[in-house]
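Only one structure is covered here, and it is reproduced in the block below.
Heavy-atom basis, side chains included; hydrogens, waters and symmetry copies ignored. What you see is a predicted model; the values in this text were computed from it and never measured.
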Amino acid sequence: MTDTALTFSDDQAVAYDAVTEMLRGAGIDLDEQLLTPPKSSASAVMAVTGKAGSGKTLLLAQLYKALEQAGVEVVSGDYESRKRKDKRTLAILAPTNKAASVLRLRGVPATTIHRILYTPVYDPEYERIAEWLAGNGERPDIADLTEHALDRAAAFYANNKSIPGALAAAGLRGSDFITGWKRREEPLDIGFIDESSMLDDKQFEDLKEIFPTLLLFGDPAQLAPVGQSGTMVFEKLPAPRVLNLSRVHRQAADNPILDLAHALADPALEFHHFEKMVEDASKRDERVVWGQRVEVDLMARSPVLVWRNATRIRLINAFRTVYGAPEDALLEGEPLICDGIELPLKHRKKRLDLEARGLIRGAQVVFLGAGRKPGFSRLHVVGAEDPQISAASIVKIEKPDEEEPFIPFAARMGATFLHGAAVTIHKAQGSQWNTVQVFAPDLFVAARMGRVEAGQPLWKRLAYVAITRAQERLIWVVRNRLSKPSEPLRVDDLKAVPAAPLDLAAPEEFL
């Protein structure tokens, strides 16, 4: 085992060694940093599981670094160099843009599962730059680019490992060098899948077709995908193929949010006892807040997490009311959730382009204003590497006690959106925010109903998932009240990327 493992806990070291042995069978020797032909053509799947704070992400990052040092090429989804017989590939994937962005912030070049299914087609002239940046060619001589521009591209790529970002640093736009998208034809070698508790059986089978060696990272305490009968894909693997990290790693000071999440494992814990724990934690540590109302200022970037759809709809309409949003239009800065893309087959290329840019089902989006064409919206896709786009949009605002949603903004066809000021805890899986508001009255209803999922009270699973979405601060909201905004909605804080030009007070009752 390498020196890297010296920083591991015992269970992490055991998992690292087991994964190293699996990779050796695939022809990758991490100890000697050698690449050899695979010993077998059979597929291999292994899972690393553990609750929040158990060190899954640290292990994933260390394995990625070891594979890169051994000469394995990391495929990020934004560019893939020409196939070579001696090349071995690794892709690090997550089910959502937000989950992938969390990994990227930690230095791991992750992309979405959907993005890896399709690969960009580069203009041949600019593909020479991409090959040079990837270390597979000589420095090119491009008529439209100065030596200084190429230096900027190289400096950017050295720090960020993003081909589109590097080309943007050289002064190019995405439309300059990407001419289209195509379905992946050749399989890759190794796949790391984070947040694999969100995978359904079909996605799992699709991934096994692409990756002969697959490593899943997941949390068995989260909620299983709808339709999976409370079972996650890694729970169906043989016991020796599942490596569990049981130790919980702490910061220098104990993390009260993780303390609360892990307290839910106590089978004797009742809801009222847990709420008392939350209240006590709020008195000891500012990272936990006993909230008397929903803070509306946070809802534009961090949706309130709820269990019931009825609560979600009421919160959304309360949010729009306090900001003075008209019924027939959206305000700049309103949050949306992508509900899919409705385009005919003849527009398949446009669909692939939008999906590859991060506009996939479940993506969190901020409305930036109307587009240049009727029915088009300018949008910021939260967590996407190339976030700002223009797309034909159909926006649906659901109303309390009304079957049909109100549609303030619509093209004949395009990307469909629901409002994103509040989301269900199920849909929040895979995402994290600095501050998270959990609507506790909904969890109380779940507890009172006595529902059980996979042998555990549903309210505990809901509470665990909701709490662990918070990176720095948890607000446990205990009353059906909403604050007034301290300022208008804003968009000036959103990151703009040169490669993606825009063509494209007193509380009030709300329930």
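Judged by distance alone, with hydrogens and angles left aside, the side-chain atoms of Glu453 form no donor-acceptor pair with the main-chain N or O of Arg461 at under 3.5 Å. Without hydrogens or angle criteria, Arg469 side chain to Ser431 main chain gives a donor-acceptor distance under 3.5 Å. Looking only at distances, a side-chain donor or acceptor of Arg88 sits under 3.5 Å from a matching main-chain atom of Thr36. Remark: side-chain polar atoms of Arg104 are paired, donor with acceptor, to backbone N or O of Ala110 under 3.5 angstrom. In this structure a side-chain-to-backbone donor-acceptor pair under 3.5 Å is present from Thr89 to Asp189. In terms of modelled atom types and a separation under 3.5 Å, the side chain of Gln437 and the main chain of Glu295 share a donor-acceptor contact. Put simply, the side chain of Thr416 gets close to the backbone of Gly340: a donor and an acceptor are under 3.5 Å apart. Of the possible polar contacts, none joining the Glu286 side chain to the Arg473 backbone as a donor-acceptor pair under 3.5 Å is found. Within the 3.5 Å criterion, the main-chain N or O of Met299 finds no donor-acceptor partner in the side chain of Ser302. Remark: side-chain polar atoms of Gln12 are paired, donor with acceptor, to backbone N or O of Gly55 under 3.5 angstrom.
Cys338 SG to Leu359 CG: the interatomic distance, rounded to the nearest 0.5 Å, is 4.0 Å. Between the CG atom of Asp200 and the CD atom of Glu205 there is a distance of 10.5 Å, given to the nearest 0.5 Å. Here the straight-line distance linking atom NZ of Lys56 with atom CG of Asp194 works out to 8.0 Å at 0.5 Å rounding. With values rounded to the nearest 0.5 angstrom, Leu305 atom CG is found 12.5 Å from Thr311 atom OG1. Atom CD in Glu195 sits 10.5 Å away from atom CD1 in Ile113 (nearest 0.5 Å). Phe217 contributes atom CZ, which lies 13.5 Å from atom CG of Asp219 (distance to the nearest 0.5 angstrom).
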Verdict with supporting geometry, Leu215 and Val48, side-chain contact (heavy atoms from CB on, under 4.5 Å): CA-CA 7 Å; Leu215 184 60; Val48 176; 4.1 Å; yes

Step-by-step side-chain contact (heavy atoms from CB on, under 4.5 Å) determination, Met449 to Leu458: CA-CA 9 Å; Met449 292 175 65; Leu458 177 61; over 6 Å; no

Leu63 vs Leu30, side-chain contact (heavy atoms from CB on, under 4.5 Å): CA-CA, chis, key distance, verdict: CA-CA 9 Å; Leu63 285 165; Leu30 296 185; 4.3 Å; yes

Worked check of side-chain contact (heavy atoms from CB on, under 4.5 Å) between Thr213 and Ile28: CA-CA 11 Å; Thr213 302; Ile28 300 170; over 6 Å; no

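Looking at Tyr464 and Gln456, their side chains never come closer than 4.5 Å, going by heavy atoms from C-beta outward. With contacts defined as side-chain heavy-atom distances shorter than 4.5 Å, the pair Arg241/Val45 does not qualify. Using a 4.5 Å heavy-atom threshold, the side chains of Leu93 and Leu207 count as touching. Counting heavy atoms from C-beta on, the side chains of Pro335 and His419 come closer than 4.5 Å. Within the 4.5 Å cutoff, side-chain heavy atoms of Leu67 are placed close to those of Leu23. With a 4.5 Å cut-off on side-chain heavy atoms, Ile257 and Val436 do not count as touching. Taking 4.5 Å as the limit, every side-chain heavy atom of Gln222 sits out of range of all side-chain heavy atoms of Ile425. With contacts defined as side-chain heavy-atom distances shorter than 4.5 Å, the pair Gln364/Pro303 qualifies.
Shortest non-hydrogen contact noted between Phe234 and Ala47 is CB-CB, 3.6 Å. In terms of heavy-atom proximity, Val233 sits nearest to Leu199 at CG1-O, 3.6 Å. Counting all heavy atoms, side chain and backbone alike, Leu237 lies closest to Phe204 at CD2-CZ, 4.4 Å. The nearest pair of heavy atoms linking Arg106 to Thr57 is NH1-CG2, 3.2 Å. In terms of heavy-atom proximity, Trp459 sits nearest to Ala446 at CB-CB, 4.1 Å. The shortest non-hydrogen separation linking Pro220 to Gly50 is CD-N, 3.8 Å.
Contacts of Asp285 classified as salt bridge (charged side-chain N to carboxylate O under 4.0 Å, His left out), with partners at least two apart in sequence or in another chain: Arg287. Scored by the side chain to side chain donor-acceptor pair (under 3.5 Å) test, Gln203 finds no partners at all (sequence neighbours excluded).
Leu243 pairs in a side-chain contact (heavy atoms from CB on, under 4.5 Å) with only one of the listed residues (Val14, Asp17, Val19), which is Val19.
For Lys276 and Glu279, the salt-bridge test fails: no basic side-chain N is under 4.0 Å from an acidic carboxylate O. A salt bridge is absent between Asp266 and Lys460: the closest approach of a Lys/Arg side-chain nitrogen to an acidic carboxylate oxygen does not fall below 4.0 angstrom. In this structure, Arg24 pairs ionically with Asp31, as a charged nitrogen and a carboxylate oxygen lie closer than 4.0 Å.
Ring centers of Phe192 and Tyr64: at least 6.0 Å apart, outside the cut-off. Aromatic pair Trp476/Phe274: ring centres closer than 6.0 Å.
Environment of NZ in Lys208: crowded, with over 12 heavy atoms of neighbouring residues, nucleotides or ligands closer than 6.0 Å.
Looking only at atom types and distance, the side chain of Ser9 has a donor-acceptor partner in the side chain of Asp11 under 3.5 Å away.
Taking the six-membered ring where tryptophan is involved, the planes of Phe8 and Tyr16 are tilted, since the angle between them lies from 30° to 60°.
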